[in-house]
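All values below come from the heavy atoms of this structure, side chains included, with hydrogens, waters and symmetry mates left out. Here the structure is a predicted model, which means the values were calculated and not measured.
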Amino acid sequence: MSDKNTRHFSSLVVDGMERAPSRAMLHAVGFNNEDFKKPQIGIASTWSMVTPCNMHINKLADAAAVGVNNADGKAVIFNTITISDGISMGTEGMKYSLVSREVIADSIETVVGCQGFDGIVAIGGCDKNMPGCMMAIARLNRPSVFVYGGTIMPGCHKDKNLDVVSVFEAVGARANNQIDDAELAEIEAKAIPGAGSCGGMYTANTMASAIEALGMSLPNSSAQAAISNDKRLDCERAGAAVLELLKKDIKPRDIMTKAAFENAITVVIALGGSTNAVLHILAMANSTGVDINLDDFTRIGKRVPMLADLKPSGRYLMTELIEIGGIQPLMKILLDKGLLHGDCLTVTGLTLAENLADILPYPDEQDVIHSLDNPIKKDSHLVVLYGNLASGGSVAKITGKEGLVFTGTAKVFEAEEQALQSILNGDIVKGDVIVIRYEGPKGGPGMREMLSPTSAVMGKGLGKEVALITDGRFSGGTHGFVVGHITPEAYVGGALAIVENGDTITIDAETNELKLHVNDDEIARRLEKWTQPAPRYTRGVLAKYSKLVSSASLGAVTDLLD
């Protein structure tokens with residue numbers, strides 16, 4: 001494939017006498033004379049040995065390169081960073097997690113823009129890789145395919161499947177003397193048996209499913225084990241698919257329309273996906289120039305039921321969804337009911353409806369995905385709450401298993417670590433609303449996930465007895481009565497900053513309200529006395545992020561469009 005129309009960017013780098021120095025350098029990295037006539041496809045690999053989620057992605061990048069090269073393109077593999085939420089959870093290091101999404105997007109944009117690649121295959125594993133890759137793809141708007149690195153296989157203990165959340169909850173169980181040190185160590189050793197992203201419908205599997213529904217992954221990319229022949233072939237096909245997109249001049253913004261984002265939101269709701277999807281979909285839409293906001297989640301959530309009985313709130317792991325066919329039959333169910341836009345274009349070059357035309361239904365005996373007439377919840381589990389504690393909005397994950405309304409007494413903590421210690425010490429009791437503040441995008445900075453305290457609550461057996469609210473966010477592995485993304489955040493003078501121990505707070509998923517039972521005059525008096533804390537970081541990436549980042553209700557992005 002040597003048509004100049006497929007080499008819009010690489011031709012500027014390698015064509016002509018004056019580009020001889022560029023060609024000389026590329027000879028050294030494996031180009032031959034024929035390669036200079038081919039479209040160059042950047043393979044953005046998030047390989048790293050810092051986490052099992054990404055430890056295999058170098059091999060997947062190699063497979064994608066084979067697909068590109070066999071389709072008469074020239075693949076060039078490059079790396080970007082990854083961090084591990086699971087490893088850093090509950091520590092100061094977790095503040096870099098959401099920040100890494102911006103670094104990943106910026107770094108992919110930087111390499112592709114500099115090197116003149118004509119198209120992109122991006123392969124992501126851990127949570128922030130995936131929206132980071134997609135934000136870069138949207139900004140660059142060159143023919144692209146996203147590939148999910150794949151889910152991990154489950155561990156096993158006492159005939160029960162394990163994943164990383166099992167270990168977090170075991171910590172709470174140990175603190176409650178329900179298990180001993182030996183059993184905790186056994187669970188720890190068995191929970192993560194190899195490569196792949198965390199095994200429930202946590203953030204990685206949620207975002208993989210959302211991106212497939214968006215049309216930016218090949219069908220079934222979200223529902224393949226990390227170490228499998230299916231995943232290897234997915235990568236090869238993705239490499240070839242980018243060359244087809246080049247021929248047809250189909251770009252990401254042709255695919256990533258408002259209707260396509262609505263499809264992604266619909267699938268996330270049906271799967272019972274992570275609250276992080278709200279942040280990331282808002283961020284991806286911002287990079288695309290598409291108007292998606294918090295209220296779109298409420299609007300769509302009123303008509304889309306939660307159908308998947310998947311962890312953390314349900315019983316099954318992603319591997320069990322894979323066994324019955326992945327998300328494609330679910331999408332067919334939603335399409336047939338009129339809940340998806342079937343005319344949306346996808347990276348196959350076909351519409352969503354065309355991709356789903358021959359998809360077979362789930363086996364009759366399965367109960368991982370419920371039918372539309374027997375949903376887990378008749379509407380969305382992602383509930384956007386407003387009120388005097390969240391005038392800019394907040395996001396709750398309420399499946400109904402905890403009830404729909406909670407009123408309790410505030411116990412206030414200025415940081416996650418303080419709250420966790422209080423939970424483990426037994427200081428949190430039935431009827432408490434744990435308030436963790438100064439953990440927002442600016443105040444943290446970095447908006448840490450609260451998996452450690454929420455898992456400790458579950459391990460202590462208090463999941464239905466207490467609630468937790470924060471201007472931070474939650475892991476996809478979190479379940480219980482929790483509200484995050486509270487805006488305005490405490491650091492910028494949101495009402496969360498003036499909550500006091502003993503205040504009464506109501507979380508109401510029926511009226512979509514987060515209410516502090518303190519009168520307006522008293523709130524105003526407290527705010528008048530409040531002073532903003534000194535910034536926690538004054539140099540480096542966290543300081544830069546704190547200055548640039550937008551509100552969580554806008555996706556916590558650092559390049560907010562006007």
Side-chain angles (χ1 to χ4, degrees), residues 101 124 127-128 130-131 134 146 148 151 197-198 200-217 221-223 256-285 288 290 292-314 316 318 321 326-335 337 339-341 344 346 352 368-370 372 375-384 395-400 473-479 482 484-485 552 555:
R101 184 190 73 183
D127 301 0
K128 307 312 160 303
M130 298 146 81
M134 290 304 303
F146 176 81
Y148 177 40
T151 194
S197 297
C198 300
M201 190 46 65
Y202 311 146
T203 306
N205 283 318
T206 297
M207 290 313 301
S209 301
I211 294 167
E212 182 175 328
L214 187 66
M216 287 302 298
S217 291
S221 183
S222 70
M256 298 167 68
T257 62
K258 177 144 187 158
F261 276 104
E262 291 179 344
N263 285 345
I265 294 169
T266 297
V267 168
V268 167
I269 292 168
L271 288 170
S274 167
T275 52
N276 278 320
V278 178
L279 272 181
H280 298 326
I281 287 173
L282 291 172
M284 288 156 50
T288 313
V290 169
I292 292 289
N293 59 55
L294 279 179
D295 295 335
D296 288 313
F297 288 83
T298 300
R299 173 177 57 82
I300 294 168
K302 288 178 179 177
R303 61 188 181 87
V304 177
M306 177 180 164
L307 300 177
D309 192 10
L310 293 164
K311 286 180 177 287
S313 57
Y316 296 105
M318 191 67 181
L321 179 58
I327 73 167
Q328 291 280 297
L330 171 63
M331 291 171 66
K332 183 72 179 296
I333 291 168
L334 296 169
L335 177 69
K337 189 66 174 177
L339 296 173
L340 289 177
H341 302 286
C344 287
T346 75
L352 183 71
V368 180
I369 302 295
H370 285 215
L372 286 166
I376 305 266
K377 189 171 184 282
K378 65 180 177 58
D379 51 13
S380 180
H381 64 299
L382 297 176
V383 182
V384 177
V395 180
K397 184 179 185 180
I398 299 174
T399 64
R473 61 196 173 92
F474 297 109
S475 163
T478 293
H479 55 124
V482 297
H485 309 198

Any residue meeting side chain to side chain contact (heavy atoms under 4.5 Å, CB included) with Thr399, in chain and number order, not counting sequence neighbours: Met306, Ser313, His381, Lys401, Glu402
Pairs meeting criterion salt bridge (Lys or Arg N to Asp or Glu O under 4.0 Å) with involvement of residues 200-209, two or more places apart: none
By side chain to side chain donor-acceptor pair (under 3.5 Å) - contacts of Asn276 (at least two apart): Thr203, Glu449, Arg473
Side chain to side chain donor-acceptor pair (under 3.5 Å) partners for Lys377, two or more places apart: Asp379
Side-chain heavy-atom pair Cys344, Thr257 within 4.5 angstrom cut-off: yes
All side chain to side chain contact (heavy atoms under 4.5 Å, CB included) counterparts of Thr151, not counting sequence neighbours: Tyr148, Asn205, Met318, Thr319, Ile322
Qualifying salt bridge (Lys or Arg N to Asp or Glu O under 4.0 Å) pairs with a residue from residues 259-280, counting only residues at least two apart or across chains: Glu262-Arg299
Salt bridge (Lys or Arg N to Asp or Glu O under 4.0 Å) partners of Lys337, counting only residues at least two apart: none
Thr275: side chain to side chain donor-acceptor pair (under 3.5 Å) partners, not counting sequence neighbours: none
Pairs touching residues 206-217 that satisfy side chain to side chain donor-acceptor pair (under 3.5 Å), sequence neighbours left out: Glu212-Ser222, Glu212-Gln328
Contacts of Thr288 that satisfy side chain to side chain contact (heavy atoms under 4.5 Å, CB included) - sequence neighbours left out: Ala138, Arg253, Met256, Phe261, Val290
Partners passing side chain to side chain contact (heavy atoms under 4.5 Å, CB included) against Ala552 (at least two apart in sequence or in another chain): Leu279, Pro441, Met447, His485, Thr487
Test side chain to side chain donor-acceptor pair (under 3.5 Å) applied to Asn293 - qualifying residues, sequence neighbours left out: none
